[in-house]
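For reference, the structure discussed in these notes is given below.
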Amino acid sequence: MTVRVRFAPSPTGYLHVGGLRTAIFNFLFARHHGGVFILRIEDTDTERSTQAAVDQILDSLRWMNIAWDEGPYFQSQRMPLYRAHLDRLLESGHAYRCYCPAEELEKKRKAAESEKRQYKYDGTCRHLDPKADPAGRPFVIRFRMPEKYPDHFDDLVLGRIPIDEERLDDWILARSDGMPVYNFCVVVDDADMRISHVIRGNDHVANTPRQILLYQAFGYSAPQFAHIPLIHGPDGSKLSKRREAEYRKLGMSVSVQEYARMGYLPHALFNYMTRVGWSAGDQELFSLAEFIQKFDLDGVGKASGIMNPEKLKWVNAQYLKAEDDHALAQKLVPLLAEKGIGTTADDRLAKIAECLKPRSNTLVELAEKATIFFIAPTAYDEKAVRKFWNREARAWLEHLVEVLPELPLADEAAMEERFKGFAEKFSAGNMGKIAQPLRLALTGSTASPSIFTVMNILGKDECRARIRRAIEELGKLG
RNA sequence: GGCCCCAUCGUCUAGCGGUUAGGACGCCGGCCUCUCACGCCGGUAAUAGGGGUUCGAGUCCCCUUGGGGUCACCA
(Lines give C-alpha, C1' and ligand atoms only; values in the text may rest on other atoms or scores of the structure.)
Protein backbone atom coordinates (compact mmCIF):
# COMPACT_ATOMS: atom_id res chain seq x y z
CA MET A 1 0.00 0.00 0.00
CA THR A 2 1.42 3.37 -0.89
CA VAL A 3 1.46 5.93 1.86
CA ARG A 4 -0.68 8.96 1.20
CA VAL A 5 -0.97 11.63 3.86
CA ARG A 6 -2.26 15.14 3.92
CA PHE A 7 -1.91 18.39 5.78
CA ALA A 8 -5.27 20.14 5.96
CA PRO A 9 -5.14 23.61 7.49
CA SER A 10 -8.14 25.90 7.59
CA PRO A 11 -7.33 29.34 6.20
CA THR A 12 -8.50 31.50 9.05
CA GLY A 13 -5.14 33.11 9.73
CA TYR A 14 -1.42 32.63 9.43
CA LEU A 15 0.15 29.19 9.83
CA HIS A 16 0.81 28.58 13.48
CA VAL A 17 3.54 26.46 14.94
CA GLY A 18 1.22 23.67 16.03
CA GLY A 19 0.00 23.36 12.48
CA LEU A 20 3.55 23.57 11.26
CA ARG A 21 4.48 20.61 13.41
CA THR A 22 1.58 18.60 12.06
CA ALA A 23 2.68 19.49 8.55
CA ILE A 24 6.24 18.41 9.33
CA PHE A 25 5.17 15.06 10.76
CA ASN A 26 3.05 14.33 7.72
CA PHE A 27 5.74 15.51 5.34
CA LEU A 28 8.45 13.45 7.02
CA PHE A 29 6.24 10.40 7.24
CA ALA A 30 5.47 10.61 3.53
CA ARG A 31 9.12 11.08 2.58
CA HIS A 32 10.30 8.32 4.88
CA HIS A 33 7.90 5.85 3.34
CA GLY A 34 8.29 7.08 -0.20
CA GLY A 35 4.69 8.21 -0.12
CA VAL A 36 2.70 11.21 -1.25
CA PHE A 37 2.19 14.38 0.75
CA ILE A 38 -1.00 16.24 -0.10
CA LEU A 39 -2.01 19.77 0.80
CA ARG A 40 -5.68 20.45 1.27
CA ILE A 41 -7.25 23.73 2.32
CA GLU A 42 -10.28 23.27 4.53
CA ASP A 43 -12.25 26.37 3.73
CA THR A 44 -15.81 25.22 4.23
CA ASP A 45 -16.26 27.91 6.84
CA THR A 46 -16.87 30.72 4.38
CA GLU A 47 -17.33 33.18 7.22
CA ARG A 48 -13.79 32.87 8.47
CA SER A 49 -11.77 31.68 5.50
CA THR A 50 -9.78 34.22 3.52
CA GLN A 51 -7.53 34.22 0.50
CA ALA A 52 -4.96 36.21 2.45
CA ALA A 53 -4.74 33.39 4.97
CA VAL A 54 -4.30 30.85 2.20
CA ASP A 55 -1.41 32.90 0.82
CA GLN A 56 0.23 33.21 4.20
CA ILE A 57 -0.01 29.50 4.87
CA LEU A 58 1.44 28.61 1.49
CA ASP A 59 4.23 31.15 1.95
CA SER A 60 5.14 29.75 5.34
CA LEU A 61 5.20 26.21 4.02
CA ARG A 62 7.44 27.25 1.14
CA TRP A 63 9.72 29.17 3.46
CA MET A 64 10.03 26.01 5.57
CA ASN A 65 10.86 24.02 2.44
CA ILE A 66 7.96 21.71 3.04
CA ALA A 67 6.97 20.79 -0.48
CA TRP A 68 3.66 19.11 -1.20
CA ASP A 69 3.22 16.58 -3.98
CA GLU A 70 -0.46 17.16 -4.67
CA GLY A 71 -2.75 20.10 -4.22
CA PRO A 72 -3.49 22.48 -2.82
CA TYR A 73 -7.04 21.22 -3.06
CA PHE A 74 -9.76 23.53 -1.86
CA GLN A 75 -12.80 22.07 -0.20
CA SER A 76 -14.85 25.02 -1.35
CA GLN A 77 -14.31 23.79 -4.91
CA ARG A 78 -15.44 20.28 -4.21
CA MET A 79 -19.08 20.86 -3.43
CA PRO A 80 -20.42 18.53 -6.12
CA LEU A 81 -18.52 15.68 -4.54
CA TYR A 82 -19.96 16.43 -1.12
CA ARG A 83 -23.46 16.84 -2.55
CA ALA A 84 -23.28 13.46 -4.18
CA HIS A 85 -22.14 11.88 -0.94
CA LEU A 86 -24.84 13.64 1.01
CA ASP A 87 -27.42 12.29 -1.43
CA ARG A 88 -26.01 8.83 -1.07
CA LEU A 89 -26.44 8.95 2.68
CA LEU A 90 -29.93 10.39 2.37
CA GLU A 91 -30.92 7.63 -0.03
CA SER A 92 -29.43 4.85 2.02
CA GLY A 93 -31.11 6.19 5.14
CA HIS A 94 -27.84 6.94 6.92
CA ALA A 95 -28.84 10.57 6.99
CA TYR A 96 -32.03 12.54 7.25
CA ARG A 97 -33.32 16.07 7.01
CA CYS A 98 -33.92 17.92 10.24
CA TYR A 99 -36.21 20.93 10.32
CA CYS A 100 -35.69 21.91 13.93
CA PRO A 101 -35.05 25.66 14.13
CA ALA A 102 -31.60 26.56 15.38
CA GLU A 103 -33.08 28.73 18.14
CA GLU A 104 -35.11 25.86 19.47
CA LEU A 105 -32.10 23.59 19.52
CA GLU A 106 -30.17 26.26 21.31
CA LYS A 107 -32.91 26.47 23.91
CA LYS A 108 -32.75 22.74 24.50
CA ARG A 109 -29.02 22.91 24.80
CA LYS A 110 -29.25 25.66 27.42
CA ALA A 111 -31.86 23.70 29.32
CA ALA A 112 -29.69 20.62 29.38
CA GLU A 113 -26.80 22.74 30.52
CA SER A 114 -28.67 24.31 33.41
CA GLU A 115 -29.81 20.88 34.53
CA LYS A 116 -26.20 19.72 34.24
CA ARG A 117 -27.26 17.14 31.71
CA GLN A 118 -25.23 16.23 28.66
CA TYR A 119 -26.96 17.69 25.66
CA LYS A 120 -27.85 15.31 22.87
CA TYR A 121 -30.04 15.94 19.89
CA ASP A 122 -33.42 14.50 20.86
CA GLY A 123 -34.20 13.02 17.45
CA THR A 124 -37.32 15.05 16.79
CA CYS A 125 -36.94 14.73 13.03
CA ARG A 126 -35.40 11.30 13.02
CA HIS A 127 -38.51 9.44 12.02
CA LEU A 128 -40.08 11.91 9.65
CA ASP A 129 -41.13 10.39 6.36
CA PRO A 130 -38.49 11.53 3.86
CA LYS A 131 -41.15 11.74 1.15
CA ALA A 132 -43.31 14.06 3.20
CA ASP A 133 -40.75 16.82 3.28
CA PRO A 134 -42.33 20.14 4.09
CA ALA A 135 -41.21 22.03 1.02
CA GLY A 136 -39.55 25.37 1.48
CA ARG A 137 -38.62 24.98 5.10
CA PRO A 138 -34.93 25.23 5.89
CA PHE A 139 -33.28 22.06 7.08
CA VAL A 140 -29.94 20.65 8.11
CA ILE A 141 -28.85 17.14 7.28
CA ARG A 142 -28.10 14.88 10.19
CA PHE A 143 -26.32 11.59 10.45
CA ARG A 144 -28.50 8.73 11.64
CA MET A 145 -26.55 6.98 14.38
CA PRO A 146 -26.52 3.25 13.73
CA GLU A 147 -27.49 0.72 16.38
CA LYS A 148 -24.19 -0.96 16.22
CA TYR A 149 -20.75 0.50 15.91
CA PRO A 150 -17.21 -0.45 16.87
CA ASP A 151 -16.35 -0.10 20.53
CA HIS A 152 -12.89 1.26 19.88
CA PHE A 153 -10.35 2.27 17.30
CA ASP A 154 -6.61 1.75 17.24
CA ASP A 155 -4.48 4.82 17.12
CA LEU A 156 -0.94 4.51 15.88
CA VAL A 157 0.45 6.66 18.65
CA LEU A 158 -2.12 6.52 21.42
CA GLY A 159 -3.06 2.87 21.11
CA ARG A 160 -6.56 1.61 21.76
CA ILE A 161 -9.13 4.38 22.20
CA PRO A 162 -12.56 3.32 23.46
CA ILE A 163 -15.57 4.83 21.73
CA ASP A 164 -18.41 3.18 23.56
CA GLU A 165 -18.42 5.91 26.17
CA GLU A 166 -18.36 8.53 23.51
CA ARG A 167 -21.13 11.03 23.44
CA LEU A 168 -22.59 10.36 20.04
CA ASP A 169 -25.83 11.70 18.70
CA ASP A 170 -27.32 12.43 15.29
CA TRP A 171 -24.88 15.19 14.53
CA ILE A 172 -25.11 17.66 11.70
CA LEU A 173 -23.55 16.81 8.36
CA ALA A 174 -24.68 19.84 6.40
CA ARG A 175 -25.77 23.27 7.53
CA SER A 176 -29.06 24.84 6.58
CA ASP A 177 -27.30 26.79 3.85
CA GLY A 178 -26.35 23.47 2.32
CA MET A 179 -22.69 23.77 3.22
CA PRO A 180 -21.37 20.47 4.55
CA VAL A 181 -19.54 20.54 7.83
CA TYR A 182 -15.91 19.70 8.64
CA ASN A 183 -16.54 16.23 10.02
CA PHE A 184 -18.27 15.29 6.81
CA CYS A 185 -15.86 16.85 4.34
CA VAL A 186 -12.75 15.32 5.89
CA VAL A 187 -14.14 11.88 5.50
CA VAL A 188 -15.29 12.38 1.93
CA ASP A 189 -11.99 13.97 1.00
CA ASP A 190 -9.75 11.53 2.81
CA ALA A 191 -11.60 8.68 1.15
CA ASP A 192 -11.60 10.34 -2.25
CA MET A 193 -7.90 11.17 -1.99
CA ARG A 194 -7.16 7.66 -0.81
CA ILE A 195 -5.46 8.89 2.34
CA SER A 196 -3.75 5.98 4.07
CA HIS A 197 -2.76 7.66 7.33
CA VAL A 198 -4.40 10.57 9.06
CA ILE A 199 -1.73 12.26 11.14
CA ARG A 200 -3.11 15.19 13.06
CA GLY A 201 -3.14 16.90 16.44
CA ASN A 202 -4.73 14.93 19.23
CA ASP A 203 -7.32 17.64 19.70
CA HIS A 204 -9.07 15.63 16.99
CA VAL A 205 -9.38 12.33 18.83
CA ALA A 206 -12.92 13.11 19.93
CA ASN A 207 -13.91 13.60 16.29
CA THR A 208 -12.50 10.32 15.15
CA PRO A 209 -15.41 8.04 16.16
CA ARG A 210 -17.86 10.11 14.13
CA GLN A 211 -15.60 9.99 11.16
CA ILE A 212 -15.18 6.27 11.47
CA LEU A 213 -18.95 5.88 11.50
CA LEU A 214 -19.14 7.88 8.31
CA TYR A 215 -16.60 5.70 6.58
CA GLN A 216 -18.72 2.79 7.67
CA ALA A 217 -21.92 4.35 6.33
CA PHE A 218 -20.27 4.91 2.97
CA GLY A 219 -18.83 1.45 2.92
CA TYR A 220 -15.31 2.85 2.74
CA SER A 221 -12.47 1.43 4.75
CA ALA A 222 -11.06 3.92 7.20
CA PRO A 223 -7.46 5.12 7.11
CA GLN A 224 -5.06 4.57 9.97
CA PHE A 225 -5.14 7.31 12.58
CA ALA A 226 -2.16 8.79 14.34
CA HIS A 227 -2.92 11.55 16.83
CA ILE A 228 0.18 13.43 17.73
CA PRO A 229 0.53 15.29 21.02
CA LEU A 230 -0.03 19.01 21.02
CA ILE A 231 2.54 21.65 21.67
CA HIS A 232 1.75 23.93 24.55
CA GLY A 233 2.79 27.38 25.65
CA PRO A 234 5.08 27.99 28.64
CA ASP A 235 2.03 28.05 30.90
CA GLY A 236 1.14 24.51 29.86
CA SER A 237 -2.03 25.21 27.94
CA LYS A 238 -2.71 24.89 24.26
CA LEU A 239 -0.96 27.47 22.10
CA SER A 240 -3.40 30.22 21.37
CA LYS A 241 -3.21 33.07 18.91
CA ARG A 242 -4.91 35.20 21.50
CA ARG A 243 -1.92 34.83 23.84
CA GLU A 244 0.51 36.17 21.30
CA ALA A 245 1.43 39.24 23.36
CA GLU A 246 2.60 37.07 26.27
CA TYR A 247 4.58 34.82 23.98
CA ARG A 248 6.40 37.73 22.39
CA LYS A 249 7.79 38.75 25.75
CA LEU A 250 9.34 35.31 26.02
CA GLY A 251 10.91 35.52 22.59
CA MET A 252 8.45 33.20 20.92
CA SER A 253 5.32 33.33 18.82
CA VAL A 254 2.57 31.12 17.47
CA SER A 255 3.12 32.52 14.02
CA VAL A 256 5.52 30.74 11.72
CA GLN A 257 6.22 33.85 9.71
CA GLU A 258 7.11 35.66 12.89
CA TYR A 259 10.07 33.32 13.33
CA ALA A 260 11.31 34.40 9.93
CA ARG A 261 11.10 38.00 11.08
CA MET A 262 12.89 37.18 14.30
CA GLY A 263 15.83 35.89 12.31
CA TYR A 264 15.40 32.15 12.60
CA LEU A 265 16.61 29.79 9.92
CA PRO A 266 13.82 27.60 8.55
CA HIS A 267 15.67 24.38 9.14
CA ALA A 268 16.41 25.37 12.74
CA LEU A 269 12.69 25.86 13.35
CA PHE A 270 12.03 22.61 11.55
CA ASN A 271 14.58 20.77 13.68
CA TYR A 272 13.32 22.22 16.93
CA MET A 273 9.65 21.60 16.20
CA THR A 274 10.22 18.05 15.12
CA ARG A 275 12.15 17.25 18.24
CA VAL A 276 9.32 18.13 20.56
CA GLY A 277 7.18 15.05 20.55
CA TRP A 278 9.58 12.98 18.52
CA SER A 279 13.04 11.65 19.20
CA ALA A 280 15.61 9.20 17.94
CA GLY A 281 17.87 8.40 20.86
CA ASP A 282 20.02 11.24 22.08
CA GLN A 283 20.47 13.03 18.78
CA GLU A 284 19.50 16.70 18.77
CA LEU A 285 20.45 17.98 15.35
CA PHE A 286 19.37 16.32 12.12
CA SER A 287 19.81 17.24 8.50
CA LEU A 288 16.69 16.93 6.37
CA ALA A 289 18.05 13.70 4.93
CA GLU A 290 18.57 12.31 8.42
CA PHE A 291 15.09 13.31 9.47
CA ILE A 292 13.64 11.56 6.46
CA GLN A 293 15.70 8.48 7.09
CA LYS A 294 14.93 8.27 10.81
CA PHE A 295 11.45 9.66 11.18
CA ASP A 296 8.62 7.29 11.86
CA LEU A 297 5.57 7.14 14.08
CA ASP A 298 7.17 4.82 16.61
CA GLY A 299 9.40 7.68 17.70
CA VAL A 300 6.44 9.89 18.49
CA GLY A 301 5.60 10.22 22.18
CA LYS A 302 2.18 10.50 23.76
CA ALA A 303 2.73 13.42 26.09
CA SER A 304 2.31 16.98 24.98
CA GLY A 305 5.34 19.23 25.03
CA ILE A 306 6.01 22.76 26.07
CA MET A 307 7.60 25.21 23.71
CA ASN A 308 11.01 26.31 24.96
CA PRO A 309 12.28 29.40 23.13
CA GLU A 310 15.70 29.13 24.76
CA LYS A 311 16.35 25.79 23.18
CA LEU A 312 15.04 26.97 19.82
CA LYS A 313 17.56 29.77 20.06
CA TRP A 314 20.34 27.30 20.71
CA VAL A 315 19.33 25.13 17.77
CA ASN A 316 19.26 28.20 15.57
CA ALA A 317 22.72 29.24 16.77
CA GLN A 318 24.00 25.79 15.85
CA TYR A 319 22.73 26.09 12.30
CA LEU A 320 23.92 29.67 12.01
CA LYS A 321 27.45 28.53 12.77
CA ALA A 322 27.20 25.75 10.24
CA GLU A 323 25.78 27.98 7.51
CA ASP A 324 27.95 28.93 4.55
CA ASP A 325 29.35 32.46 4.88
CA HIS A 326 28.26 33.64 1.47
CA ALA A 327 24.80 32.20 1.95
CA LEU A 328 24.62 34.08 5.23
CA ALA A 329 25.77 37.26 3.55
CA GLN A 330 22.93 36.81 1.10
CA LYS A 331 20.40 36.63 3.93
CA LEU A 332 21.97 39.62 5.64
CA VAL A 333 21.61 42.05 2.76
CA PRO A 334 17.89 42.76 3.22
CA LEU A 335 18.27 42.99 7.00
CA LEU A 336 21.04 45.55 6.64
CA ALA A 337 19.03 47.45 4.06
CA GLU A 338 16.34 47.89 6.70
CA LYS A 339 18.94 49.69 8.76
CA GLY A 340 19.78 51.94 5.87
CA ILE A 341 22.96 50.07 5.04
CA GLY A 342 23.28 49.38 1.37
CA THR A 343 25.64 46.55 0.58
CA THR A 344 25.86 43.49 -1.60
CA ALA A 345 26.62 39.93 -0.59
CA ASP A 346 30.30 40.31 -1.38
CA ASP A 347 33.38 38.72 0.14
CA ARG A 348 33.59 41.42 2.74
CA LEU A 349 30.07 40.74 3.98
CA ALA A 350 30.84 37.02 3.97
CA LYS A 351 33.84 37.72 6.14
CA ILE A 352 31.67 39.75 8.48
CA ALA A 353 29.22 36.88 8.68
CA GLU A 354 32.03 34.44 9.37
CA CYS A 355 33.35 36.27 12.40
CA LEU A 356 29.92 37.19 13.74
CA LYS A 357 28.06 33.92 13.36
CA PRO A 358 29.55 32.22 16.43
CA ARG A 359 28.50 35.30 18.38
CA SER A 360 24.88 35.38 17.26
CA ASN A 361 21.76 33.39 17.93
CA THR A 362 19.66 34.78 15.12
CA LEU A 363 20.08 36.55 11.80
CA VAL A 364 18.63 39.65 13.36
CA GLU A 365 21.32 39.63 16.04
CA LEU A 366 23.94 39.03 13.42
CA ALA A 367 22.77 41.97 11.35
CA GLU A 368 22.70 44.12 14.44
CA LYS A 369 26.31 43.28 15.25
CA ALA A 370 27.31 43.77 11.63
CA THR A 371 26.37 47.44 11.62
CA ILE A 372 29.60 48.39 13.32
CA PHE A 373 31.47 47.47 10.15
CA PHE A 374 29.47 49.98 8.16
CA ILE A 375 28.84 52.77 10.59
CA ALA A 376 31.58 54.21 12.80
CA PRO A 377 30.78 54.37 16.50
CA THR A 378 29.03 57.55 17.52
CA ALA A 379 29.43 56.88 21.22
CA TYR A 380 31.89 55.01 23.38
CA ASP A 381 31.02 52.75 26.28
CA GLU A 382 31.47 54.98 29.30
CA LYS A 383 32.70 52.42 31.75
CA ALA A 384 35.21 51.19 29.21
CA VAL A 385 36.38 54.71 28.47
CA ARG A 386 37.18 55.24 32.13
CA LYS A 387 38.93 51.92 32.33
CA PHE A 388 40.95 51.84 29.12
CA TRP A 389 41.41 55.30 27.77
CA ASN A 390 44.32 56.65 29.76
CA ARG A 391 47.59 58.40 28.92
CA GLU A 392 49.30 55.15 27.94
CA ALA A 393 46.46 54.22 25.66
CA ARG A 394 46.69 57.54 23.92
CA ALA A 395 50.39 57.12 23.30
CA TRP A 396 49.76 53.68 21.89
CA LEU A 397 46.94 54.76 19.61
CA GLU A 398 48.99 57.67 18.32
CA HIS A 399 51.83 55.33 17.56
CA LEU A 400 49.46 52.95 15.83
CA VAL A 401 48.17 55.65 13.50
CA GLU A 402 51.74 56.42 12.56
CA VAL A 403 52.75 52.87 11.73
CA LEU A 404 49.40 51.93 10.23
CA PRO A 405 50.48 52.41 6.62
CA GLU A 406 53.08 49.67 6.88
CA LEU A 407 50.95 47.11 8.76
CA PRO A 408 49.80 43.97 6.92
CA LEU A 409 46.12 44.21 7.85
CA ALA A 410 45.05 41.43 5.53
CA ASP A 411 47.37 38.95 7.20
CA GLU A 412 45.82 38.50 10.62
CA ALA A 413 48.43 36.07 11.86
CA ALA A 414 51.22 38.47 10.92
CA MET A 415 49.29 41.28 12.59
CA GLU A 416 49.15 39.31 15.77
CA GLU A 417 52.93 38.99 15.68
CA ARG A 418 53.34 42.71 15.17
CA PHE A 419 50.95 43.39 18.04
CA LYS A 420 53.01 41.22 20.34
CA GLY A 421 55.81 43.65 19.66
CA PHE A 422 53.53 46.61 20.38
CA ALA A 423 52.44 44.99 23.59
CA GLU A 424 56.04 44.66 24.71
CA LYS A 425 56.56 48.31 24.02
CA PHE A 426 53.37 49.77 25.46
CA SER A 427 52.04 47.38 28.08
CA ALA A 428 54.77 45.10 29.26
CA GLY A 429 53.58 42.35 26.98
CA ASN A 430 49.94 42.55 28.04
CA MET A 431 47.92 42.18 24.86
CA GLY A 432 44.69 43.08 26.58
CA LYS A 433 46.02 46.47 27.55
CA ILE A 434 46.53 47.47 23.95
CA ALA A 435 43.67 45.54 22.39
CA GLN A 436 40.91 46.95 24.57
CA PRO A 437 41.58 50.67 24.04
CA LEU A 438 41.84 49.97 20.34
CA ARG A 439 38.67 47.89 20.30
CA LEU A 440 36.91 50.72 22.06
CA ALA A 441 38.20 53.14 19.45
CA LEU A 442 37.18 50.95 16.55
CA THR A 443 33.83 49.65 17.76
CA GLY A 444 32.78 51.81 20.67
CA SER A 445 32.50 48.79 22.92
CA THR A 446 34.60 46.15 24.63
CA ALA A 447 33.04 43.19 22.89
CA SER A 448 33.76 42.34 19.29
CA PRO A 449 35.37 39.72 17.12
CA SER A 450 39.13 39.44 17.14
CA ILE A 451 40.67 42.87 16.93
CA PHE A 452 42.74 41.68 13.99
CA THR A 453 39.68 40.54 12.13
CA VAL A 454 37.96 43.83 12.85
CA MET A 455 40.95 45.77 11.48
CA ASN A 456 41.15 43.54 8.46
CA ILE A 457 37.50 44.06 7.59
CA LEU A 458 37.55 47.78 8.28
CA GLY A 459 40.65 48.42 6.21
CA LYS A 460 43.37 50.99 6.75
CA ASP A 461 41.48 54.15 5.90
CA GLU A 462 38.55 53.38 8.12
CA CYS A 463 40.84 52.25 10.95
CA ARG A 464 42.81 55.45 10.72
CA ALA A 465 39.69 57.59 10.75
CA ARG A 466 38.21 55.80 13.72
CA ILE A 467 41.41 55.84 15.72
CA ARG A 468 41.93 59.52 15.05
CA ARG A 469 38.43 60.26 16.15
CA ALA A 470 39.10 58.27 19.32
CA ILE A 471 42.29 60.15 20.02
CA GLU A 472 40.33 63.33 19.69
CA GLU A 473 37.78 62.10 22.22
CA LEU A 474 40.60 60.94 24.42
CA GLY A 475 42.11 64.38 24.34
CA LYS A 476 38.91 65.89 25.69
CA LEU A 477 39.22 63.73 28.77
CA GLY A 478 42.22 65.78 29.82
C1' G B 1 -19.02 19.09 34.99
C1' G B 2 -19.33 14.35 31.36
C1' C B 3 -16.07 11.76 28.25
C1' C B 4 -11.10 10.92 26.47
C1' C B 5 -5.79 11.34 26.83
C1' C B 6 -1.20 12.11 29.35
C1' A B 7 2.70 11.82 33.59
C1' U B 8 11.40 10.58 33.98
C1' C B 9 15.62 16.80 35.91
C1' G B 10 12.57 23.84 35.34
C1' U B 11 12.05 22.45 29.69
C1' C B 12 12.79 18.75 25.36
C1' U B 13 13.86 13.71 25.99
C1' A B 14 16.67 8.29 26.33
C1' G B 15 14.95 4.01 28.89
C1' C B 16 10.92 -0.71 26.02
C1' G B 17 11.79 -5.98 34.10
C1' G B 18 18.09 -6.11 36.39
C1' U B 19 21.50 1.11 34.42
C1' U B 20 25.94 4.60 39.55
C1' A B 21 18.45 6.56 35.73
C1' G B 22 21.79 8.68 30.03
C1' G B 23 21.77 13.06 26.55
C1' A B 24 20.26 18.23 25.21
C1' C B 25 18.64 23.43 26.54
C1' G B 26 19.04 26.59 30.76
C1' C B 27 21.80 27.65 35.14
C1' C B 28 26.62 27.40 38.07
C1' G B 29 31.99 26.56 38.07
C1' G B 30 36.71 25.87 35.32
C1' C B 31 39.87 25.77 30.86
C1' C B 32 40.98 28.40 26.30
C1' U B 33 41.75 33.76 25.42
C1' C B 34 43.14 40.59 22.80
C1' U B 35 37.29 41.45 24.65
C1' C B 36 32.69 39.01 23.77
C1' A B 37 31.24 34.69 22.00
C1' C B 38 32.31 29.72 20.15
C1' G B 39 34.56 25.32 21.83
C1' C B 40 36.17 21.94 25.67
C1' C B 41 35.89 19.95 30.82
C1' G B 42 33.05 19.55 35.32
C1' G B 43 28.68 20.46 38.39
C1' U B 44 23.26 21.35 39.66
C1' A B 45 18.61 18.85 38.82
C1' A B 46 13.91 13.84 37.64
C1' U B 47 11.23 8.50 37.82
C1' A B 48 4.05 12.84 41.11
C1' G B 49 1.97 9.76 45.51
C1' G B 50 0.01 5.05 47.21
C1' G B 51 -1.06 0.09 46.51
C1' G B 52 -0.24 -4.41 43.97
C1' U B 53 2.37 -8.31 40.21
C1' U B 54 7.49 -10.11 40.32
C1' C B 55 13.45 -12.84 43.03
C1' G B 56 13.70 -7.82 40.96
C1' A B 57 10.04 -2.24 38.79
C1' G B 58 11.05 4.36 35.62
C1' U B 59 9.41 0.11 32.77
C1' C B 60 3.28 -4.24 33.84
C1' C B 61 -1.84 -3.57 36.61
C1' C B 62 -5.17 -0.59 39.93
C1' C B 63 -6.32 3.80 42.75
C1' U B 64 -5.26 8.90 44.03
C1' U B 65 -3.28 13.46 42.55
C1' G B 66 -1.85 16.73 38.87
C1' G B 67 -1.92 18.46 33.82
C1' G B 68 -4.14 18.61 29.05
C1' G B 69 -7.85 17.90 25.25
C1' U B 70 -12.93 17.87 23.83
C1' C B 71 -18.03 18.57 24.30
C1' A B 72 -21.15 24.08 17.69
C1' C B 73 -25.50 24.71 11.72
C1' C B 74 -15.93 26.09 13.82
C1' A B 75 -12.07 23.51 11.80
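Note on naming: letters A, B, ... go to the chains in the order of the sequence lines (proteins, then strands), and numbering restarts at 1 for each one. Computed from heavy atoms alone, side chains included, the values below leave out hydrogens, waters and symmetry copies.
- In this structure, the side chains of N308(A) and W314(A) stay at 4.5 Å or more apart for every pair of heavy atoms.
- Within the shown strands, G2(B) is the pairing partner of U70(B) under the Watson-Crick or G-U definition, both distances less than 3.5 Å.
- For the P atoms, the distance from C41(B) to C25(B) is 11 Å, rounded to whole Å.
- A cation-pi geometry, defined here as NZ or CZ lying under 6.0 Å from the six-membered ring centre and within 45° of its normal, holds between R142(A) and Y121(A).
- Within the 4.5 Å cutoff, the side chain of R6(A) has heavy atoms near those of the V186(A) side chain.
- At a cut-off of 3.5 angstrom, the base of G23(B) holds no donor-acceptor pair with the side chain of Q283(A).
- Using C1' as the reference atom, U54(B) and C62(B) are 16 Å apart when rounded to the nearest Å.
- Each of K241(A), R242(A), R248(A) was compared with E244(A) under the side chain to side chain donor-acceptor pair (under 3.5 Å) criterion, and only R248(A) meets it.
- Whole-Å rounding puts the F286(A) CZ to A24(B) P distance at 14 Å.
- Within the 4.5 Å cutoff, the side chain of H197(A) has heavy atoms near those of the L156(A) side chain.
- Annotation: G22(B) and A37(B) have their C1' atoms spaced 29 Å apart (nearest Å).
- Across all strands shown, nothing is found opposite A57(B) as a Watson-Crick or G-U wobble partner with both distances under 3.5 Å.
- Remark: the separation of the P atoms in C6(B) and A45(B) is 31 Å, to the nearest Å.
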Each nucleotide of nucleotides 31-39 of chain B classed B (base within 4.0 Å of a protein heavy atom), S (only sugar-phosphate) or -, in 5' to 3' order, makes ---BBBBSS
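- Put simply, the residue from F25(A), F270(A), F295(A), F29(A) that forms a ring-ring contact (aromatic ring centres under 6.0 Å, His included) with W278(A) is F295(A).
- Rounded to whole Å, the separation between the P atoms of G18(B) and A57(B) comes to 11 Å.
- To the nearest whole angstrom, the two P atoms, one in G58(B) and one in U47(B), are 11 Å apart.
- Between K311(A) and E284(A) there is a side-chain heavy-atom pair separated by less than 4.5 Å.
- In this structure, I306(A) places its CD1 atom 11 Å from P of C9(B), rounding to the nearest Å.
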Its contact letters, B for base, S for sugar-phosphate only and - for none at protein heavy atoms under 4.0 Å, make nucleotides 65-75 of chain B read ---SSSSSBBB
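- Between M307(A) atom CE and G26(B) atom C1' the separation is 15 Å, expressed in whole Å.
- Nucleotide U47(B) is matched to nothing when pairs are restricted to Watson-Crick or G-U wobble geometry with both distances under 3.5 angstrom.
- The interatomic distance linking I231(A) (CD1) with U13(B) (C1') rounds to 14 Å, in whole Å.
- Following rounding to the nearest Å, K120(A) (NZ) and C3(B) (P) show an atom-to-atom distance of 13 Å.
- Going from atom CD of E284(A) over to atom C1' of A24(B) covers 4 Å, rounded to whole Å.
- Both tests hold for R109(A) against Y119(A): distance to the six-membered ring centre under 6.0 Å, angle to the ring axis within 45°.
- In this structure, W278(A) and A303(A) both approach RNA chain B, and ranking their closest nucleotides by distance from the 5' end singles out A303(A).
- Taking atom CD1 of I228(A) as the reference point, atom C1' of C6(B) lies 15 Å away to the nearest angstrom.
- C25(B) and G10(B) make up a base pair, with Watson-Crick or G-U wobble contacts both under 3.5 Å.
- The residue G201(A) sits apart from the nucleic acid: no heavy atom pair falls under 4.0 Å.
- Using a 4.0 Å heavy-atom criterion, one finds that I161(A) contacts the sugar-phosphate atoms exclusively.
- Under a cutoff of 6.0 Å and an axis angle of 45°, R78(A) and Y73(A) form a cation-pi pair.
- Residues meeting the side-chain hydrogen bond (donor to acceptor under 3.5 Å, both in side chains) test with K369(A), sequence neighbours left out: none.
- The NZ atom of K311(A) sits 13 Å away from the P atom of U11(B) (whole-angstrom rounding).
- U44(B) and U11(B): their C1' atoms are spaced 15 Å apart (whole Å).
- In this structure, G281(A) and N308(A) both approach RNA chain B, and ranking their closest nucleotides by distance from the 5' end singles out N308(A).
- Only the P atoms considered, G51(B) is 47 Å distant from C38(B), to the nearest whole Å.
- Counting only heavy atoms from C-beta outward, the side chains of C355(A) and F373(A) approach each other to under 4.5 Å.
- With a 3.5 Å ceiling on both atom-pair distances, U35(B) lacks any Watson-Crick or G-U wobble partner.
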